[in-house]
Amino acid sequence: MTKVALSWSSGKDSAWTLHVLRQQPDIQVAALITTFNSAADRVAMHAVRRALAEAQADRTGIPLWAVELPWPCSNEVYEHRMRAVCQRAKDEEITAIAFGDLFLEDVRNYRIRQLEGSGLAPLFPLWQIPTDRLARQMIFGGVKAKITCVDPSKLAKTFAGRDYDLKLLEDLPPEVDPCGENGEFHTFVSGGPIFRHDVSYIRGEVVQRDAWCFCDLLPLPDTNTSPAAAGAKAGIPPSSRDR
């Protein structure tokens with residue numbers, strides 16, 4: 001059995017990567033690694049609230065490893081904190097880190113370089129799957145996702161807050177990648193085959209900050225949250241929760 005940590009952005013590509021990995025009987029996904037903008041208390045880039053990422057992890061049954069990043073964050077700080085995560089992975093007998101990259105060679109090569117000498121192997125389960133085909137696989141496979149972030153220089157800001165579905169794929173301009181791999185948009189996954197049940201949220205306001213257009217998603221109370229997770233949020237020690 002190979003223990004793997006998964007780079008978890010809260011979006012559809014990392015969610016589908018988890019689904020693919022779980023089809024392999026010799027792989028155990030032991031951790032979800034998520035970088036957070038600590039100043040905003042949100043997932044880096046995707047701008048998803050921390051509580052929603054925590055809810056996703058709870059639905060998968062996999063521990064979430066939060067990597068806290070300052071804002072702004074230099075490459076030096078980012079790489080230092082990721083090295084600490086790699087050491088934690090090795091300490092927990094994890095031997096590989098999986099990524100949801102699709103076709104950007106420079107990003108893939110950067111990840112490979114960063115893991116050199118770490119004792120951790122890079123895995124790219126979705127690599128070079130044609131993105132038009134992959135997008136439909138995810139949708140037909142039951143992935144429920146919302147567009148949380150749009151680069152208005154590449155895609156109209158009206159796409160922020162839309163469901164990632166077949167109608168959206170039809171409406172995308174031909175120059176926009178169906179999976180947003182060139183940074184046109186980012187997503188949040190609330191449902192799919194990787195979750196025990198859906199993550200509850202409501203759509204908030206759409207705002208433009210700096211060069212990005214964001215759709216805020218607000219977590220809703222969820223009666224299906226596991227007792228352990230509910231206890232942790234309430235600050236109850238594990239010994240008391242288990243009684």
Side-chain angles (χ1 to χ4, degrees), residues 7-18 32 34-60 64 66-69 71-73 100-102 104 131-132 134-136 138-139 141-192 194-195 197-222 225:
S7 178
W8 182 263
S9 68
S10 78
K12 59 184 174 34
D13 299 336
S14 55
W16 197 249
T17 299
L18 176 56
L32 304 178
T34 302
T35 55
F36 288 94
N37 176 333
S38 294
D41 204 32
R42 294 173 184 256
V43 177
M45 287 302 299
H46 289 230
V48 169
R49 292 171 183 256
R50 185 186 298 264
L52 288 173
E54 292 173 343
Q56 287 179 319
D58 176 69
R59 305 309 186 272
T60 67
L64 181 70
V67 182
E68 304 295 341
L69 301 177
W71 180 258
C73 182
D101 299 302
L102 306 182
L104 295 178
T131 52
D132 55 346
L134 179 61
R136 285 166 172 76
M138 290 189 282
I139 292 168
V143 168
K144 300 176 184 177
K146 182 79 74 176
I147 306 292
T148 61
C149 179
V150 168
D151 180 349
S153 71
K154 299 177 179 178
L155 184 64
K157 61 181 70 176
T158 54
F159 279 85
R162 286 190 56 173
D163 291 334
Y164 187 75
D165 54 17
L166 293 177
K167 181 63 169 65
L168 180 131
L169 296 183
E170 292 173 3
D171 292 344
L172 288 176
E175 67 274 14
V176 171
D177 182 75
C179 290
E181 183 68 352
N182 292 308
E184 300 97 331
F185 60 86
H186 298 294
T187 60
F188 168 76
V189 169
S190 61
I194 59 166
F195 292 150
H197 53 84
D198 290 359
V199 175
S200 301
Y201 71 92
I202 57 172
R203 174 179 162 169
E205 64 177 344
V206 175
V207 298
Q208 185 159 354
R209 292 194 178 93
D210 301 321
W212 294 89
C213 188
F214 298 100
C215 177
D216 195 15
L217 303 180
L218 307 171
L220 289 175
D222 189 349
T225 299

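Nothing fancy with the numbering, it's 1 onward along the sequence. Small disclaimer: the values here were computed from a predicted structure and weren't measured.
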Query raised in the report: Is atom NZ of Lys154 surrounded by more than 12 heavy atoms (other residues, nucleotides or ligands) closer than 6.0 Å?
Result: yes
**Report entry** More than 12 heavy atoms from other groups under 6.0 Å of NZ on Lys146
**Finding:** yes
Query raised in the report: Are Leu217 and Ile202 close enough, and set up right, to give a side chain to side chain contact (heavy atoms under 4.5 Å, CB included), and what steps lead you there?
Result: CA-CA 6 Å; Leu217 303 180; Ile202 57 172; over 6 Å; no
If you take all heavy atoms of [X] and [Y], which pair is closest and at what distance?
X      : Y      : value
Thr17  : Gly100 : OG1-CA, 3.3 Å
Ala53  : Val48  : N-CG1, 4.4 Å
Phe185 : Pro178 : CZ-O, 3.6 Å
Ala15  : Trp8   : CA-CZ3, 3.7 Å
Leu64  : Ala57  : CB-CB, 3.7 Å
His46  : Ser10  : ND1-OG, 3.8 Å

Report task. Dump the intermediate steps for side chain to side chain contact (heavy atoms under 4.5 Å, CB included) on Met138 and Cys179, then the final yes or no. Result -> CA-CA 10 Å; Met138 290 189 282; Cys179 290; 3.9 Å; yes
How long is the gap from [atom1] on [X] to [atom2] on [Y], to the nearest 0.5 Å?
X      : Y      : atom1 : atom2 : result
Leu32  : Thr60  : CG    : OG1   : 4.5 Å
Leu172 : Asp132 : CG    : CG    : 11.5 Å
Ile147 : Thr187 : CD1   : OG1   : 6.0 Å
Leu134 : Asp13  : CG    : CG    : 6.5 Å
Thr35  : Met45  : OG1   : CE    : 9.5 Å

Does any part of the side chain of [Y], heavy atoms only, come nearer than 4.5 Å to the side chain of [X], both counted from C-beta?
X      : Y      : answer
Val143 : Ile139 : no
Lys144 : Val189 : no
Arg42  : Asp216 : yes
Asp58  : Val199 : no

Are [X] and [Y] within salt-bridge range, i.e. N to O under 4.0 Å?
X      : Y      : result
Asp41  : Arg49  : no
Asp165 : Arg136 : no
Arg162 : Asp171 : yes

Requested in this report: For the pair Glu184 and Asp151, evaluate side chain to side chain contact (heavy atoms under 4.5 Å, CB included) and give the outcome as yes or no after the intermediate values.
Outcome: CA-CA 5 Å; Glu184 300 97 331; Asp151 180 349; 5.7 Å; no
Report task. For the pair Thr131 and Asp177, evaluate side-chain hydrogen bond (donor to acceptor under 3.5 Å, both in side chains) and give the outcome as yes or no after the intermediate values. Result -> CA-CA 7 Å; Thr131 52; Asp177 182 75; 2.7 Å; yes
Query raised in the report: Would you find a donor on one side and an acceptor on the other, under 3.5 Å apart, between the side chain of Asn37 and the backbone of Ala39?
Result: yes
Query raised in the report: Is a side-chain N or O of Glu68 found less than 3.5 angstrom from the main chain of Ser38, in a donor-acceptor match?
Result: no
Requested in this report: Determine the sole option in Val150, Val206, Val207 for which the side chain to side chain contact (heavy atoms under 4.5 Å, CB included) test with Cys215 is passed.
Outcome: Val206
Query raised in the report: Checking ring-ring contact (aromatic ring centres under 6.0 Å, His included) against Phe188, which of Tyr164, Tyr201, Phe214 comes through?
Result: Tyr201
Query raised in the report: Looking at Phe36, does the NZ or CZ of Arg50 lie under 6.0 angstrom from its six-membered ring centre and within 45 degrees of the ring axis?
Result: yes
